[in-house]
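Quick notes on the structure that follows.
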Amino acid sequence: MIFRFDASEAQAILDTKRRMLGRGLSYAEKILFLHEGEGSYAKRLNPGKDPIDLYPDRVALQDATAQMAMLQFMQSQAEKIRVPATIHCDHLLRASRGAEPDLAEGCEANREVYDFLSSAAERYGLGFWGPGSGIIHQVVFENYAFPGGLMLGTDSHTPNAGGLGMLAIGVGGADAAEAMLGLPWETPYPLIVGVHLTGRLTGWASAKDVILEMLRRFTVKGGTGKIFEYFGDGAQSLSATEKATITNMGAELGATSSVFVYDEGMDAYLRSVGRAGDADKVEAMSEILSQDKRCTDEPESVFAEVVEIDLQSVRPAHAGPFSPDSVTDVADFRRKAQEEGWPQTVSAVLLGSCTNSSYSDLHAAADILEQAARQGLEPKVPFLLSPGSIQIFETIRRDHLLEIFLKAGVTILASSCGPCIGQWERKDVPKGMPNVIFTTFNRNFRGRNDANPETRAFLTSPAMAAALAIAGDVGFDPERDTLHSSAGEPFKLVPPKPPALPPDGLVSTKEGFRPPKEDARRTEVIIPPESERLERLKPFDPWDGKDFIELPILVKTAGKTTTDHISPGGRWLAYRGHLSNISKNLLEGALNAFTRETGHGTNVLTGARGIPFPDLARSYKEESGGFVIIGDWNYGEGSSREHAAMTPRFLGAKAVIARSFARIHEANLKKQGILPLTFSEPSDYDRIEAFDRLSILDLDKLAPGKPVMVKISREGSDSFEIRLDHSLNEKQIAWFRAGSALRGAVS
Ligand code: MIC
Ligand code: SF4
């Protein structure tokens, strides 16, 4: 752990900024300013408009996105990374029979990919966390996150580290590759929103319910371009891992990041996990790492917006189905489930993931199972637990929580993403059968966990998930409802009060970790030539300098189009390092606004119907030189996976025109050389028809802030023009011309 500046240098930089802005600074601003590119300290930036260049302290990659990140890094011909980085093998393991057999099978099934990542890590100087060692965000939290630091990660839930006061941001692999090359990372200067927490959580309310409350208020679009900074005595009452649950799911708000102000709870966590040295270094910087007084005295003068949440008033809730911002209080859930016609019984419960697998989360769930066991009750439904890391697993084993789970019949999965990313070999419910599951995860998009579009997944807290497994009834409200013991006696579950940290600290283990090697220039990066899972990248062609004329529309998507719809996970995770193969899933889950089919469309050149989008894309590329995609609001919500931009690029997409974009996806499109354009008039989305041809004009005059005109030609009627906006700056326009950012950076 390193700070870029000592205390007096840092103070001088921040003083300059205070003078320039004429006010005190927020915590997030301090971190941004202490990581800004040299030479830009003197600039005053307009939030939402001006770009800021940042130098992160570290980069984290997970196996599903690391493959493309490393393949792109290799294109640069660099000898070694210039910023500390780690790779985490967590997404590719399947969840089927339990940790041991799943790990053994997973190692075998993914050998090629692990060999590639392991050899690439060694060759270029990255730390390598092998399969079974844990989920990226949990491992980063335990080993690397530190208050005041800045990190980039190729995963949208990277802001999990905000629970330890680190500003951590999810990015695509191309961004990560550039950061590892030592290049600055550029992003629009975010709006900083202050979230003032007061009071204390009570009863069944948990940290999960705080972020669900934020989702209820802001929705999945409301965080775009923003950093949420949590502070106040309510914030201090939450442990570091509770804070992490909140910052982790800030991704669901579409936020650039979320962060809690450094406090004693973070110090306690660092010490509990055996990082007293880091805790001391941070303590020495504590004055610099505090919010300036103005943030609490006059928050309106510092923050772009101030949100007040009294933790006392936060009620337990579930979110779903299909969107994390469809939040219903547990107290209203029975009524809602009846009104909506959702199945009334729970079919499975999934505990863990990067969002909720801290010691106290697992302790809370174990407490409920124990209360039930004392009354002779067990979970009524399959109950699966994915511990966040081997360290957490060893700690719950030492402290006998594991015993409670095993006695209750819980299946313990490997410390990996498993069912959260669709790696769940679910056998108890046939595809197509409507059913309800409760998870402690952060996403619930249709088909995400078990590839069954009829599974309604609800996000909830660990204690609530355990209670629902016992009750088996979706409307169960432990605050109000009574259960019956095996002897028929009525009883009520009591809200658990888990310890914030393990009383004896976390078990110290780094099983599965290989530290970076100093000099490995002779290590060969292993990519078998015939591999179906790995393919060296060929640079995309540069722009030919011509306007895009009469392009067909591959699809106009209707409603929510997340990265899970554009480039699904599940079985497709196997091909994340093979661009040609992963392209076969393009838009598989997207709803076609013209035909109401999912994943298919009509070929406007031949009239053939029901064609899978990848096939359609190939024929448009051949016959018409490419195509455009039309998207709805918040297009590309969700994951950081750049495959959702690389695959359309590879198959011939020239532009995506949407009502609005999610931040990471928009950045990924720019990086890969696709034009992300938005309708100046959002209702123009409705004017686009299936057989229209689009000409995107005057591209040689493409300039920052200047609208782009598109001519729409329609058979049998006059053509018309509509106006589109874009957020490309000079540098990003250069990426478009070069064919992609990395090509631009390298050539
Ligand atoms: C997710 O939660 O959707 C993922 C899988 O972790 C993704 C990353 C990926 O697609 O590999 C994310 O959140 O960025
Ligand atoms: Fe893994 Fe799920 Fe966390 Fe994504 S959200 S990193 S898939 S556990």
Side-chain angles (χ1 to χ4, degrees), residues 60-69 87-95 113 117 129 131 134-141 152-161 168-173 175-176 211 220 244-245 247-252 254-255 324 350-358 361 384-389 392 413-424 439-449 457 459 562-570 572-577 582 585 589 636-647 662-665 667-668:
L61 315 168
Q62 45 89 337
D63 52 3
T65 46
Q67 301 170 56
M68 278 301 172
I87 294 180
H88 302 260
C89 298
D90 53 359
H91 281 62
L92 300 181
L93 290 180
R94 294 189 70 71
V113 174
L117 291 176
W129 291 84
I135 303 174
I136 177 169
H137 310 303
Q138 182 74 25
V139 176
V140 163
F141 203 75
L152 299 185
T154 57
D155 192 280
S156 65
H157 294 105
T158 302
N160 188 71
I169 303 177
V171 296
D175 291 48
I211 187 64
V220 290
T245 296
T247 60
N248 174 299
M249 275 190 78
E252 275 48 73
L350 308 173
L351 176 66
S353 89
C354 61
T355 323
N356 273 124
S357 56
S358 68
D361 285 337
L384 283 70
L385 163 61
S386 326
S389 70
I392 277 290
L413 299 170
S415 296
S416 62
C417 302
C420 182
I421 187 53
Q423 296 277 35
W424 182 15
T439 84
T440 65
F441 304 167
N442 46 29
R443 292 207 168 126
N444 52 7
F445 303 140
R446 202 183 269 279
R448 178 171 166 101
N449 303 121
L459 312 172
T562 70
T563 46
D564 278 2
H565 297 105
I566 306 169
S567 179
W572 289 103
L573 284 171
Y575 304 106
R576 285 288 189 88
I582 188 98
N585 76 358
E637 171 189 339
S639 158
S640 67
R641 66 189 77 145
E642 64 202 325
H643 306 78
M646 287 179 107
T647 54
R663 173 189 65 89
I664 310 181
H665 186 61
N668 285 341

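By convention here, the first residue in the shown sequence is residue 1. Order of appearance sets the numbers: ligands from 1, and atoms from 1 within every ligand.
Which parts of ligand 1 touch A64 is read off a 4.0 Å heavy-atom cut-off, strictly below it: atoms 11 (O). The atoms of ligand 2 that sit less than 4.0 Å from any heavy atom of D155 are 6 (S). In summary, the atoms of ligand 1 found under 4.0 Å from a heavy atom of D155, numbered by their order in the structure, are 4 (C), 6 (O), 7 (C), 8 (C), 12 (C), 13 (O), 14 (O). Set against the non-hydrogen atoms of I421, the atoms of ligand 1 under 4.0 Å away are 5 (C). Every atom of ligand 1 with a heavy atom of R448 under 4.0 Å away is listed here by number and element: 1 (C), 2 (O), 3 (O). The ligand atoms of ligand 2 that sit less than 4.0 angstrom from a heavy atom of N442 are 5 (S). Of all atoms in ligand 2, listed by their number and element, those nearer than 4.0 Å to a heavy atom of H91 are 1 (Fe), 4 (Fe), 6 (S), 7 (S). Residue H137 approaches ligand 2 through these ligand atoms, each under 4.0 Å from one of its heavy atoms: 6 (S). Those atoms of ligand 1 with a heavy atom of R576 less than 4.0 angstrom away are 9 (C), 10 (O), 11 (O). Each of the following atoms of ligand 1 lies closer than 4.0 Å to a heavy atom of H91: 4 (C), 5 (C), 6 (O).
Ring orientation note: the planes of W129 and H88 are close to parallel, at an angle under 30° on the 30°/60° scale.
Given atom 13 (O) of ligand 1, the protein heavy atom at minimum distance is S156 OG, 2.5 Å. Ranking protein heavy atoms by distance to atom 7 (C) of ligand 1, first place goes to S639 OG, 3.2 Å. Ranking protein heavy atoms by distance to atom 3 (O) of ligand 1, first place goes to R443 NH1, 2.8 Å. Remark: minimum distance from atom 3 (Fe) of ligand 2 to any protein heavy atom is reached at C354 SG, 2.3 Å. With hydrogens left out, the protein atom closest to atom 1 (Fe) of ligand 2 is C417 SG, 2.4 Å, a heavy atom. In terms of protein heavy-atom proximity, atom 2 (Fe) of ligand 2 is closest to C420 SG, 2.3 Å. Counting protein heavy atoms only, atom 10 (O) of ligand 1 is closest to R641 NE, 2.5 Å.
With S416 contributing its side chain and L93 its backbone, the two residues share no donor-acceptor pair below 3.5 Å. Using a distance-only test at 3.5 Å, with no hydrogens or angles considered, a donor-acceptor pair links the side chain of S357 to the main chain of S353. Counting only distance, with no hydrogens or angles, the side chain of D90 and the backbone of I136 share a donor-acceptor pair below 3.5 Å. Not one N or O on the side chain of S389 forms a donor-acceptor pair closer than 3.5 Å with the backbone of G134. Counting only distance, with no hydrogens or angles, the side chain of T562 and the backbone of G636 share no donor-acceptor pair below 3.5 Å. Between the side chain of R448 and the backbone N or O of D564, no donor-acceptor pair lies under 3.5 Å. In this structure, the side chain of Q67 engages the main chain of G577 through a donor-acceptor pair within 3.5 Å. Here the side chain of H91 pairs no donor or acceptor atom with the backbone of Q62 at under 3.5 angstrom. Under the 3.5 Å distance criterion, the side-chain polar atoms of T245 are matched with a main-chain donor or acceptor of T355. In this structure, the side chain of S640 engages the main chain of D155 through a donor-acceptor pair within 3.5 Å.
Rounding to the nearest 0.5 Å places CD1 of I421 at 11.5 Å from CZ of R94.
When each of E252, R443, H665 is tested with S156 by the rule side-chain hydrogen bond (donor to acceptor under 3.5 Å, both in side chains), just one qualifies, namely R443.
At a heavy-atom distance under 4.0 Å, no atom of E252 approaches ligand 1.
Between S640 and ligand 1, at least one pair of N/O atoms sits closer than 3.5 Å.
At least one heavy atom of R448 sits closer than 4.0 Å to an atom of ligand 2. Residue Q62 places a heavy atom less than 4.0 Å from ligand 1.
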